[in-house]
Each structure stands twice: as structure tokens, then as C-alpha cells.
Amino acid sequence: MLNRRELLVRCAMLAAGTVASPFVKVAAEASPVGPATHRTPVLARYEEMQFGVSYHFSMNTFTGNDYETGGVPARTYNPSKLDVRQWIRVAHDLGARYAVITAKHMSGFCLWDSEGYDYDVAASGNKTDVVAEFFAACKEFGLQPGLYYCILDPHNEGKFDWDSHVPDSYYKLIKHHLTELHTRYRTPFYQLLDITWKINQDQRWELYRLIKSLSPDCIIVMNQAFYQSKRNMGRICEPASWPTDVINTEDSLPAPEGHDPNIKFEGKTYYMPLEAWIPTGPPYKAMPPMHSWFWREGFQTQNPQVIANVYRDCKQRKSNLLLNLSPDTSGRLPDQTVQAMQEVAKLIKK
């Protein structure tokens with residue numbers, strides 16, 4: 001039998017496509033991995049948490065472009081007073097129970113030192129491993145840590161195209177990155193994959209199974225994206241977001257009637273909770289009516305009463321809330337955001 005270290009090495013080799021593993025095949029046949037057909041203990045725990053916070057912080061923060069394509073040098077990223085502990089302290093005081101970090105957004109820039117990769121913090125103006133700091137802060141304050149990873153990546157694809165299929169060389173890198181994240185940082189509670197229509201269903205299944213092989217109890221969310229969310233309000237799972245453990249809505253509230261987690265997909269019923277992923281920034285002029293995810297000059301966090309109303313709506317409509325916050329170029333949450341969250345905390349605790 002493989003010990004834990006040997007299993008992690010084998011999984012990493014499998015992700016890189018360098019070995020075929022009969023062990024993994026036998027395990028998969030003995031215990032099929034896929035979205036749940038009933039409310040499992042892991043999903044029950046996730047629903048009971050109800051409230052999480054995400055952080056959009058990456059190269060985009062330093063260029064002022066939510067859709068940064070990774071065309072600037074790595075040294076452009078250079079937070080002067082990075083304080084990840086402050087981020088998590090604010091989330092803790094707000095009452096959040098889990099937190100999610102943009103480990104890699106669409107710029108291709110990684111917030112950890114990725115082996116064999118040169119567009120990451122190790123090549124930047126501030127070499128701090130932000131993912132490691134994030135996991136440490138979550139442990140200190142008792143929040144469960146989660147990761148965000150964007151499939152769209154003009155830096156590694158060689159072009160900016162929302163819909164084209166990713167090249168094989170980049171898909172191999174995706175597997176390398178996810179394997180690193182789920183072996184180096186133990187243990188992610190949650191993994192969000194974004195812009196998943198750029199890989200085919202077989203590849204989505206491969207990533208789903210890879211993550212589960214490394215982090216068996218990890219909640220996997222294949223983001224449904226903005227326009228899809230506006231259309232379906234979490235009532236269905238979009239085919240391009242399958243397989244997923246949780247349905248989500250991006251910058252969109254759950255359906256007014258509340259979420260029914262018994263969701264049919266291709267004729268079979270699954271138990272799929274809902275998560276509303278809501279940014280707290282101002283409207284983003286480049287893509288109205290979406291709100292900003294990243295900080296930029298002039299950024300103002302939304303009115304605390306608006307945010308508190310979103311919290312209450314999600315709770316009443318039987319949905320988790322993942323509330324996004326935006327650290328600035330110093331690497332801290334701005335005072336205005338902190339003050340707004342303090343007011344939100346008072347409002348939601350009334």
C-alpha cells in the first residue's frame with residue numbers, strides 16, 4: 001500500500017501526465033467520485049457555515065483593471081504593507097466562517113511560488129507567499145480556507161479570448177498548479193474554478209477528480225458566471241459548470257422563492273446547495289451592470305445597509321453568501337472598507 005507521501009507524489013505525477021496510476025483507477029472504480037445525490041456530512045457542514053468572505057487581490061490590483069491580461073512584468077505586483085492577517089481578522093469580526101483567496105486570477109499571476117513558473121510572487125516586488133500567509137491566518141482565526149483559480153488566462157494562452165478552448169500546454173499547467181495548491185497547503189476546504197467553459201467536460205471531470213484525490217472533503221464550485229447567474233438564479237446547473245458540488249450565482253441574488261437543493265442534471269437528481277457570490281465594490285464601468293471585484297483608485301465599498309440586506313436575503317432564501325472584499329495596493333483592506341464591515345457586522349447581528 002502507498003504511504004501518504006508516495007500517494008501525493010503519484011498524484012502529482014498523474015496530474016502532470018507523466019504516469020498512469022492503476023491505484024487511482026482501482027480507487028475510482030471502487031468508490032466513484034462525483035457530485036452528491038443526497039445531503040452528505042460535508043455538504044451539511046458547508047450549509048451550516050452559511051457565510052464566507054472572498055478576497056480579490058492579484059496583479060489586477062496594481063494595474064487597476066479587473067480584466068488584467070498579464071502583459072505587465074511580475075515586478076508590477078509590489079504591496080508595500082501586506083497584511084493578510086488583517087484581511088482575516090476583518091472576516092472573523094464580521095462573522096464569516098470560511099474564506100477564499102484568488103490564488104491565480106486571469107492575469108496568470110500566482111500568489112505563491114510555483115515550481116518551474118516565472119510569473120508569480122517569487123519574481124515580483126514582494127516575494128511573500130500570500131497563500132501560505134492566508135492559510136496561517138485562517139487557522140489563527142478559526143476560518144476554513146478556500147482557493148480560487150481562473151481557467152481563463154491570456155498570459156498563458158497567448159491571447160485574450162473568453163470562449164476559445166485552452167491549449168494542451170496550458171491545461172497541463174492548470175493540473176500542475178492545482179496539484180501544488182492541494183499538496184503544499186493542507187487542507188483547502190473549498191475550491192472555486194472560474195470560466196470553466198474554456199475546458200471540455202472530460203477535462204472538468206479530470207480536474208474535479210484530481211482535486212478530490214488530493215483533498216477528498218473539498219467543496220468544488222465551478223462558477224456559473226455573471227450572465228448565466230442572472231438567467232438561472234441558481235435554479236439549475238449550467239452544463240459548462242458541471243461537475244460541481246455547489247451551484248453559485250455571481251453578483252446575483254438567489255431566486256426569490258428560495259433555493260431547492262434537489263437539482264436535476266441530465267435526468268438525475270443531485271443535492272446541490274447554493275452560494276451567492278457578491279462583490280462589495282462600485283459598478284465596474286467596463287462591464288455594466290457588474291460590480292468591481294478588485295480595488296482601484298476611487299474604489300468605495302458599497303453602503304453597509306445594502307450589504308446587510310444581501311446577507312439577510314441569502315439567509316432567508318436558503319443560500320450561502322460569499323462576500324467579496326478588495327485589498328488595495330498596500331496589501332491591506334482600506335480603512336473605508338474596514339469601517340463599512342464593522343457597520344455591516346452590527347446590522348446583521350441585530
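Please read all numbers here as calculations on a predicted model, not as lab measurements.
At a threshold of 4.5 Å between non-hydrogen side-chain atoms, the residues Ser215 and Gln191 do not count as touching. Put simply, the side chain of Met341 reaches to within 4.5 Å of the side chain of Thr301, judged on heavy atoms. For the pair Gln302/Val310, no side-chain contact is recorded, criterion being any heavy-atom separation below 4.5 Å from C-beta on. No side-chain heavy atom of Tyr148 sits under 4.5 Å from any side-chain heavy atom of Ile101. Using a 4.5 Å heavy-atom threshold, the side chains of Val221 and Leu193 count as separate. Inter-residue side-chain proximity for Glu206 and Lys175 is flagged as met; some heavy-atom pair is nearer than 4.5 Å. Between Thr196 and Asn223, every side-chain heavy-atom pair lies at or beyond the 4.5 Å cut-off. Under the 4.5 Å side-chain criterion, counting only non-hydrogen atoms from C-beta, Cys314 is in contact with Pro254.
Taking the six-membered ring wherever Trp is involved, the centroid distance between the rings of Tyr117 and His177 falls below 6.0 Å. Side-chain rings of Phe57 and Trp293 stay apart, their centers remaining 6.0 Å or farther from each other. Between Phe134 and Trp87, the gap from one ring centroid to the other reaches at least 6.0 Å. Annotation: Phe294 is in aromatic contact with His56 [ring centroid separation under 6.0 Å]. For Trp112 and Phe135, the ring centers are positioned 6.0 Å apart or more. Taking the ring centroids of Tyr284 and His291, they lie at or beyond the 6.0 Å cut-off.
Of all the heavy atoms in Leu111 and Ser58, the pair that sits closest is CD2-CA, 4.5 Å. Shortest non-hydrogen contact noted between Ala122 and Lys127 is O-NZ, 2.8 Å. Nearest approach of Cys218 to His182, heavy atoms of both residues: SG-CE1, 3.9 Å.
Judged purely by distance below 3.5 Å, without hydrogens or angles, the side chains of Gln224 and Ser229 never pair a donor atom with an acceptor atom. With no hydrogens or angles considered, no side-chain donor-acceptor pair links Tyr149 and Asp194 at under 3.5 Å. Residues Arg209 and Ser213 bring no donor and acceptor atom of their side chains to less than 3.5 Å of each other. Under the 3.5 Å distance criterion, with hydrogens and angles disregarded, a donor-acceptor pair is assigned to the side chains of Glu238 and Asn232. Side-chain polar atoms of Gln305 and Asn309 form a donor-acceptor pair below 3.5 angstrom. Side-chain contact check for Tyr270 and Asn262: no donor-acceptor pair (N or O, by modelled atom type) lies under 3.5 Å. Side-chain atoms of Asp66 and Asn60 form no donor-acceptor pair, as typed in the model, at a separation below 3.5 Å. Under the 3.5 Å distance criterion, with hydrogens and angles disregarded, a donor-acceptor pair is assigned to the side chains of Ser330 and Asp328. Using modelled atom types, one finds a donor on one side chain and an acceptor on the other under 3.5 Å when comparing Glu180 with Ser114. Side-chain polar atoms of Asn126 and Thr128 form a donor-acceptor pair below 3.5 angstrom.
A salt bridge between Lys230 and Glu250 is absent, with no side-chain N of the basic residue lying under 4.0 Å from a carboxylate O of the acidic one. Salt-bridge annotation for Arg85 and Glu133: absent, with no side-chain N of the basic residue lying under 4.0 Å from a carboxylate O of the acidic one. Between Arg235 and Glu257, at least one side-chain N (NZ, or NE/NH1/NH2) sits under 4.0 Å from a carboxylate O, which counts as a salt bridge. In summary, Lys198 and Glu157 engage in a salt bridge, as defined by a charged side-chain N under 4.0 Å from a carboxylate O. Under the 4.0 Å criterion applied to side-chain N and carboxylate O atoms, Arg97 and Glu48 are not assigned as salt-bridge partners.
Remark: the backbone N or O of Asn200 is paired with a side-chain donor or acceptor of Gln203 at under 3.5 angstrom. A donor-acceptor pair under 3.5 Å is absent between the side-chain atoms of Asn320 and the main chain of Phe51, judged by distance alone. Here the side chain of Thr40 pairs a donor or acceptor atom with the backbone of Leu43 at under 3.5 angstrom.
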From CA spacing to verdict: side-chain contact (heavy atoms from CB on, under 4.5 Å), Leu143, His92
CA-CA 7 Å; Leu143 275 69; His92 172 268; 4.1 Å; yes
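Between Tyr67 and Phe160, the angle of the ring planes lies from 30° to 60°, which puts this pair in the tilted group.
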Side-chain donor-acceptor contacts of residues 272-281 below 3.5 Å, not counting sequence neighbours, with atom names and distances?
| unit_1 | atom_1 | unit_2 | atom_2 | d |
| --- | --- | --- | --- | --- |
| Glu275 | OE1 | Tyr190 | OH | 2.5 |
| Glu275 | OE2 | Tyr46 | OH | 2.9 |
| Glu275 | OE2 | Tyr98 | OH | 2.6 |
| Trp277 | NE1 | Ser54 | OG | 3.0 |
| Thr280 | OG1 | Asn324 | O | 2.7 |

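Residues meeting the ring-ring contact (aromatic ring centres under 6.0 Å, His included) test with Phe109, sequence neighbours left out: Tyr77, Tyr119.
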